[in-house]
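See below for the structure under consideration.
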Amino acid sequence: MNLAESKVGTRAIYQPGASSIEGLPTALQMFHAHPPVMAMPHWHAQVEVNYVMRGTVHYRMSDHEFRLNAGEMCLFWGGQPHQMDESSDDSLYAGAHLPLVYFFRLRLPISVSSRLMKGETLLTSATDAADSENFTRWFRYANSGDPAKAQHAVDELLLRIERIALEPYSMTSQAAINLDGDHPYPHSSRSVARMCDFIAANFLHDIDSVDIARAADLHPKYAMNLFKRSTGMTLSKYVTLLRLSRAQAMLMSEGANVLQVAMDSGFGSISAFNKSFRHIAGMSPSDFRRDIRLVTTMPSGAFRN
């Protein structure tokens with residue numbers, strides 16, 4: 001992640017960047033660090049798992065907020081604008097950003113995966129000392145440069161996420177969870193994962209639902225319905241989200257040209273880019289670029305701790 005030091009204060013502020021999760025929307029990345037506060041909401045095309053090892057943090061999501069203390073963990077869909085607006089001086093967290101191609105290979109109850117994709121957050125305090133050791137090791141393995149160690153870290157992480165559903169947890173919504181027949185559908189999940197694989201490799205190109213369905217050996221109408229039922233969004237919306245995540249990071253580059261960002265992010269026109277960006281960010285790409293750059297000149301007192 002990229003940090004910007006305030007020119008007035010000394011508090012680190014998170015900024016999107018070309019090498020961070022926004023700029024690499026199809027990569028699985030692990031982290032282990034002091035979480036910096038965010039100047040404004042951001043989004044990315046991965047499911048996020050955060051485990052607070054020390055201190056406390058506070059999140060604002062699109063329609064709810066929550067606080068995590070040491071020993072607590074959360075999962076949420078990063079495609080919704082979200083912001084960590086508080087982080088204690090001693091806070092330390094670890095976790096990962098999971099592209100959907102990994103998420104839909106998890107053996108999670110349908111009630112969990114579908115509600116996460118619809119914007120709810122899963123919260124759990126069913127953790128122990130082994131988690132602190134494991135998350136630290138997984139981060140070290142993932143960044144070791146050794147492919148075998150990196151894959152081992154990913155495999156163990158995914159198993160740990162699956163175990164969350166076997167122990168006490170809660171969802172931010174108060175709606176009742178129906179566990180009758182609530183099991184993952186292996187065939188459907190594999191098909192969604194195959195579609196996500198193809199989209200990840202081709203989202204910067206001109207692709208449509210027919211191309212995506214063909215890659216997964218599915219009929220286009222069935223593919224569209226399956227993806228919508230599994231993720232809560234259409235195929236085209238997911239492709240657009242990947243492009244917007246990349247564009248968000250590119251707008252941070254010095255001298256970034258909005259038209260060039262639109263073209264390099266896979267959008268066919270500046271009007272389509274502006275409309276899609278405004279829909280998720282609530283502002284134009286030009287305004288976003290202006291506002292996020294103001295972060296470096298804001299006093300540290302402007303952000304709650």
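Predicted model, so just to flag it, every value in this text is computed and none were measured.
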Legend entry - Pair Phe288 and Phe277, ring centroids less than 6.0 Å apart: yes
Inset, instruction - Could I get the full list of ring-ring contact (aromatic ring centres under 6.0 Å, His included) partners for Phe267, not counting sequence neighbours? - result: Phe273
Inset, instruction - Look at the side chain of Asn143 and the backbone N and O of Phe139, then say whether any donor-acceptor pair between them is shorter than 3.5 Å. - result: yes
Inset, instruction - Just say parallel, tilted or perpendicular for the rings of His82 and His44, cut-offs at 30° and 60°. - result: perpendicular
Legend entry - Any donor-acceptor pair under 3.5 Å from Ser88 side chain to Thr56 backbone: yes
Legend entry - Lys/Arg N to Asp/Glu carboxylate O, Arg194 vs Asp217, below 4.0 Å: yes
Inset, instruction - Can you run down the side chain to side chain donor-acceptor pair (under 3.5 Å) pairs that involve residues 195-207, sequence neighbours left out, and say none if there aren't any? - result: Arg105-Asp197
Legend entry - Main-chain N/O of Val57 paired to Ser87 side chain as donor or acceptor, under 3.5 Å: no
Inset, instruction - Check whether any side-chain heavy atom of His32 sits under 4.5 Å from a side-chain heavy atom of Leu92, and report yes or no. - result: yes
Legend entry - Pair Arg160 + Asp131, salt bridge at N-O below 4.0 Å: yes
Inset, instruction - With sequence neighbours excluded, tell me which residues meet side chain to side chain donor-acceptor pair (under 3.5 Å) with Asn50. - result: Glu48, Tyr59
Inset, instruction - Would you mind listing every ring pair (Phe, Tyr, Trp, His ring centres under 6.0 Å) that reaches into residues 225-245, with sequence neighbours excluded? - result: Phe227-Tyr238
Inset, instruction - Indicate, with yes or no, if Tyr222 and Leu235 share a hydrophobic cluster defined by side-chain heavy-atom contacts under 4.5 Å among Ile, Leu, Val, Met, Phe, Trp and Tyr. - result: yes
Legend entry - Salt-bridge contact Arg163-Glu167 (side-chain N to carboxylate O under 4.0 Å): yes
Legend entry - Listed once per pair and sorted, the ring pair (Phe, Tyr, Trp, His ring centres under 6.0 Å) pairs that draw on residues 104-136, sequence neighbours left out: Tyr51-Phe135, Phe135-Trp138
Inset, instruction - Examine the side chains of Asn274 and Ser284 and answer whether a donor and an acceptor come within less than 3.5 Å of each other. - result: no
Inset, instruction - Would you indicate whether the side-chain heavy atoms of Met73 and Val52 approach each other to under 4.5 Å? - result: no
Legend entry - Check: Gln248/His42 side-chain N/O donor and acceptor closer than 3.5 Å: no
Legend entry - Qualifying residues under ring-ring contact (aromatic ring centres under 6.0 Å, His included), relative to Phe198, sequence neighbours excluded: none
Inset, instruction - Answer yes or no: are there more than 12 heavy-atom neighbours, outside His279 itself, under 6.0 Å from its atom NE2? - result: no
Legend entry - Hydrophobic cluster membership, Leu259 vs Met250, 4.5 Å side-chain cutoff: yes
Inset, instruction - Would you confirm whether the ring centroid of His34 sits within less than 6.0 angstrom of the ring centroid of Tyr93? - result: no
Legend entry - Test item: Cys74 and Leu122 side chains (from C-beta on) under 4.5 Å apart, heavy atoms: no
Inset, instruction - Begin with the C-alpha distance, continue with both residues' side-chain angles, and end with the deciding distance and a verdict on salt bridge (Lys or Arg N to Asp or Glu O under 4.0 Å) for Arg137 and Glu156. - result: CA-CA 10 Å; Arg137 176 169 48 80; Glu156 286 196 359; 3.1 Å; yes
